[in-house]
Amino acid sequence: MNCFMCKGSIKNDFTTFMVDLGACIIIVKNVPSQVCSQCGEASYTHEVTKKLESIVSTLRESITEIAVVNYASKAA
């Protein structure tokens, strides 16, 4: 598989996903990803994307400015 950005080779790795919702920043650590060894672009499988959406949706309702969670420990 090749990177859709630069055509470099892709390897399975873990990355950190971050989203800024304006009132809250959510950081998810240790997310399974496909990462380009040339440019560093990260992409996610459909299943990982669905779980990230669930995590963000759940934490969006929390009363905090910054939330940091571990991907594996957060139930979808």
Open item on the list: In the structure I gave you, are the side-chain heavy atoms of Lys29 and Val68 within less than 4.5 Å of one another anywhere?
Closed with: yes
TODO: State the CD-CD distance between Glu41 and Gln34, to the nearest 0.5 angstrom.
DONE: 11.5 Å
Task: Nonpolar side-chain network containing Phe4, other nodes, edges under 4.5 Å - done: Met5
Task: Atom pair SG (Cys36) and CD1 (Ile10), whose distance is rounded to the nearest 0.5 Å - done: 5.0 Å
TODO: Kindly work out whether a path of hydrophobic side-chain contacts (I/L/V/M/F/W/Y, heavy atoms less than 4.5 Å apart) joins Ile55 to Val19.
DONE: yes
Open item on the list: For a quick test of reading the model, state the closest non-hydrogen atom pair linking Ala42 to Thr15 and the distance between them.
Closed with: CB-CG2, 4.2 Å
TODO: Provide the closest heavy-atom pair for Pro32 versus Tyr44 in the form atom of the first, atom of the second, distance.
DONE: O-CD2, 3.7 Å
Task: Donor-acceptor pair, side chain of Thr49 and main chain of Thr45, under 3.5 angstrom - done: yes
Open item on the list: Can you confirm if the NZ or CZ of Lys51 lies within 45° of the ring axis of Tyr71 and under 6.0 Å from the centre of its six-membered ring?
Closed with: yes
Open item on the list: Let me check something: do Leu59 and Ile66 share a hydrophobic cluster, defined by ILVMFWY side-chain heavy atoms less than 4.5 Å apart, either directly or through other members?
Closed with: no
Open item on the list: Among Ile26, Ile27, Val56, which residue satisfies the side chain to side chain contact (heavy atoms under 4.5 Å, CB included) criterion with Phe17?
Closed with: Val56
Open item on the list: Would you say Leu21 ends up clustered with Val31 if hydrophobic residues are merged whenever their side chains have heavy atoms under 4.5 Å apart, either directly or through other cluster members?
Closed with: yes
Task: Verdict with reasoning, Glu65 to Ile25, per side chain to side chain contact (heavy atoms under 4.5 Å, CB included) - done: CA-CA 6 Å; Glu65 289 187 39; Ile25 295 173; over 6 Å; no
TODO: Measure the spacing between CG of Asn12 and CE of Met1 and express it to the nearest 0.5 Å.
DONE: 9.5 Å
Task: Thr64 side chain to Ala67 backbone, donor-acceptor under 3.5 Å - done: no
Task: From Gln38 atom CD to Cys3 atom SG, the distance as rounded to the nearest 0.5 Å - done: 7.5 Å
Open item on the list: Within this structure, what is the OG-CG distance for the pair Ser57 and Leu52, rounded to the nearest 0.5 Å?
Closed with: 12.5 Å
